[in-house]
Amino acid sequence: MRQMIIIGSGPAGYTAAIYAARAELEPLLIASSVEAGGELMNTTDVENFPGFPEGIMGPELMDKFREQAEKFGTEVVYDDVVSVDLSGPVKSVMLGSGAVHEALSVIVSTGSAYRKLGLPDEERLSGHGVSWCATCDGAFFRKQIIAVVGGGDSAMEEATFLTRFADKVHVIVRRDALRASKIMQQRAIDNPKIEFIWNSEVAAIHGDENSTGVHSITLRDTVDGTERGLDITGLFIAVGNDPRVHLFHDQLDLTVEGTIAVAGRSSRTNQPGVFAAGDVIDPTYRQAITAAASGTVAALDAEHYLAELPADLESQAKGVSLTGASPAAGSTIDSDGELVGQP
């Protein structure tokens, strides 16, 4: 049994690991087998993370996070969590390999997943012209005409990046204005390869997954409902993200936005010994720096929780047997993870 397990390998998870490892909690961090590193692995230039005035590539930044966490003693396992039991003082986490790990505390930093349009042919044409990652797939669309759906920072970044390869990039926006930050808007507007299609949504995607892939889409005017076709060979979807909470629906309280609910400015969930950090608790800011800060909070909250546990539980996690050590009679752990009822 361990003192801490961290689920997720984005900025929140790795920052929590750095703090926990420096506190000699010897955390086990479970990274995905296919998506380790989180969303920044699909990001090109990161210009707003402090300490990198010239910017840094997303994957390089995440490599530095990982290296620093491992330097202080974090063990990283590249596998997928398939189920968890977060009840009771000892938590268990089962992996796709069949391995089961137990710990006295768990930090959930599972981040968020790309949101889909919900169209019938979206999944069918995924990988055949439909993509959620410009940095992954952009190079396949050299000298082609493609489209990006969305009006936020992610959509502007995707569209700008795709102009390195495509001859033209249509940006499809549901409204008559962008939600993106001013600097990201201006970059896209100033780019001669980008053309905006306002007050429009994608009504259908057309193509053949067995041959040419996407060849066109149907656009619907969000004002008058009229439809028209647009010939493109690639569709990149950047309409937001949904928190990855499917493992925790029956065990952790969620907010109306679907994120994991935490107490105030802390990282404490409704389960004692379980903490959450990063995009999985943040429906608003969703920045690498806020996720990292959130990971710090989670690690410190978990450290304080562990320090208050009965001595025999803590010794088991440390692999030490303390003869005669036991919790005081009548002691329990309250909903905030505090030891109460000691004489």
Side-chain angles (χ1 to χ4, degrees), residues 6-22 27 29-32 34-72 74 76 107-115 132-136 150-161 179-185 187-188 238-245 257-260 262 265 267 275-301:
I6 300 169
I7 305 174
S9 57
Y14 275 130
T15 301
I18 290 167
Y19 272 75
R22 292 187 73 250
L29 185 146
I30 302 172
S32 169
V34 294
E35 296 179 328
E39 288 186 56
L40 282 183
M41 296 299 288
N42 298 322
T43 303
T44 51
D45 294 331
V46 179
E47 298 178 325
N48 55 3
F49 199 90
F52 300 94
E54 304 303 320
I56 184 171
M57 298 292 285
E60 183 183 357
L61 179 60
M62 292 318 304
D63 278 344
K64 291 182 179 295
F65 270 90
R66 177 189 53 77
E67 289 171 7
Q68 191 168 357
E70 290 181 330
K71 172 186 175 182
F72 293 113
T74 299
V76 179
I107 294 176
V108 177
S109 56
T110 46
S112 56
Y114 296 119
R115 188 173 297 157
W132 290 263
C133 177
T135 55
C136 305
D153 277 356
S154 295
M156 297 308 102
E157 181 181 16
E158 297 270 284
T160 302
F161 176 79
R179 293 180 291 104
S181 60
K182 295 298 182 182
I183 188 171
M184 297 298 288
Q185 287 189 39
R187 283 182 185 172
V239 294
N241 304 70
D242 293 311
R244 298 178 186 269
V245 295
E257 293 90 355
T259 56
I260 294 175
V262 294
R265 295 185 64 189
S267 64
F275 308 87
D279 286 2
V280 78
I281 68 168
D282 178 12
T284 305
Y285 301 105
R286 300 187 59 257
Q287 300 294 308
I289 190 64
T290 53
S294 180
T296 302
V297 172
L300 294 175
D301 284 346

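Starting from 1, each residue takes its place in the sequence as its number. What you see is a predicted model; the values in this text were computed from it and never measured.
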Phe52 and Leu61: side chain to side chain contact (heavy atoms under 4.5 Å, CB included), yes or no, with the steps? CA-CA 10 Å; Phe52 300 94; Leu61 179 60; 3.7 Å; yes
Should Val245 and Ile260 be marked as a side chain to side chain contact (heavy atoms under 4.5 Å, CB included) after you check the CA-CA gap, both sets of side-chain angles, and the distance that decides it? CA-CA 7 Å; Val245 295; Ile260 294 175; 3.8 Å; yes
Is the closest side-chain heavy-atom distance between Phe275 and Val108 below 4.5 Å? no
Ignoring hydrogens and geometry, is there a side-chain-to-backbone donor-acceptor pair from Ser154 to Ala238 under 3.5 Å? no
To the nearest 0.5 angstrom, please state how far the OG1 atom of Thr160 sits from the CE atom of Met184. 6.0 Å
Side chains of Asp282 and Ser294: closer than 4.5 Å at any heavy-atom pair? no
Is the backbone N or O of Ala31 less than 3.5 Å from a side-chain atom of Ser9, with the two atoms forming a donor-acceptor pair by type? no
Under 3.5 Å donor-acceptor, Asp301 side chain and Ser267 backbone: yes
Nearest 0.5 Å, please: how far is CD in Glu158 from CE in Met156? 10.0 Å
Within this structure, what is the CD-CG distance for the pair Glu257 and Asp242, rounded to the nearest 0.5 Å? 12.0 Å
All heavy atoms of Val262 vs all of Ala276, minimum pair found to be CG1-CB, 4.2 Å
Please check if the side chain of Asp153 supplies one atom and the backbone of Ser181 the other of a donor-acceptor pair under 3.5 Å. yes
What one should report as the nearest heavy-atom pair of Asp279 and Ser112 is OD2-OG, 3.9 Å
State the CZ-NZ distance between Arg66 and Lys64, to the nearest 0.5 angstrom. 11.0 Å
Verify side chain to side chain contact (heavy atoms under 4.5 Å, CB included) between Glu70 and Val76, making sure each step is shown before the conclusion. CA-CA 8 Å; Glu70 290 181 330; Val76 179; 3.7 Å; yes
If every non-hydrogen atom of Pro27 is compared with every non-hydrogen atom of Ala17, which pair is closest and at what distance? CG-O, 3.9 Å
Run the side chain to side chain contact (heavy atoms under 4.5 Å, CB included) test on Met41 and Glu35 for me, step by step, so that the C-alpha distance in whole Å, both residues' side-chain angles and the decisive distance to 0.1 Å come before the verdict. CA-CA 8 Å; Met41 296 299 288; Glu35 296 179 328; over 6 Å; no
Might you point out which heavy atoms bring Pro11 and Leu40 nearest each other, and give the distance in Å? CG-CD1, 3.9 Å
Find out whether Pro50 and Ile289 are in side-chain contact, i.e. whether some heavy atom of one side chain is under 4.5 Å from a heavy atom of the other. yes
Counting distance only, does the side-chain N/O of Ser109 pair as donor-acceptor with the main-chain N or O of Ile7 below 3.5 Å? yes
Side chains of Tyr14 and Met62: does their closest heavy-atom pair fall under 4.5 Å? yes
With the side chain counted from C-beta on, respond yes when Glu67 and Lys71 share a heavy-atom pair under 4.5 Å apart, and no when they do not. no
In this structure, CD1 of Ile107 is separated from CD1 of Ile30 (nearest 0.5 Å) by 12.0 Å
Would you compute the distance between atom CZ of Phe72 and atom CD of Gln68 and round it to the nearest 0.5 angstrom? 5.5 Å
Exercise: identify the closest heavy-atom pair between Ala134 and Phe161: O-CE2, 3.3 Å
Return the minimal non-hydrogen interatomic distance between Gly278 and Ala12, and the atom names on each side. CA-CB, 3.6 Å
Do the ring planes of Phe49 and Phe65 sit parallel (below 30°), tilted (30 to 60°) or perpendicular (above 60°)? perpendicular
Do Glu47 side-chain atoms and Gly55 backbone N/O form a donor-acceptor pair below 3.5 Å? no
Is Ile183 atom CD1 crowded by more than 12 heavy atoms from other residues, nucleotides or ligands, each under 6.0 Å away? no
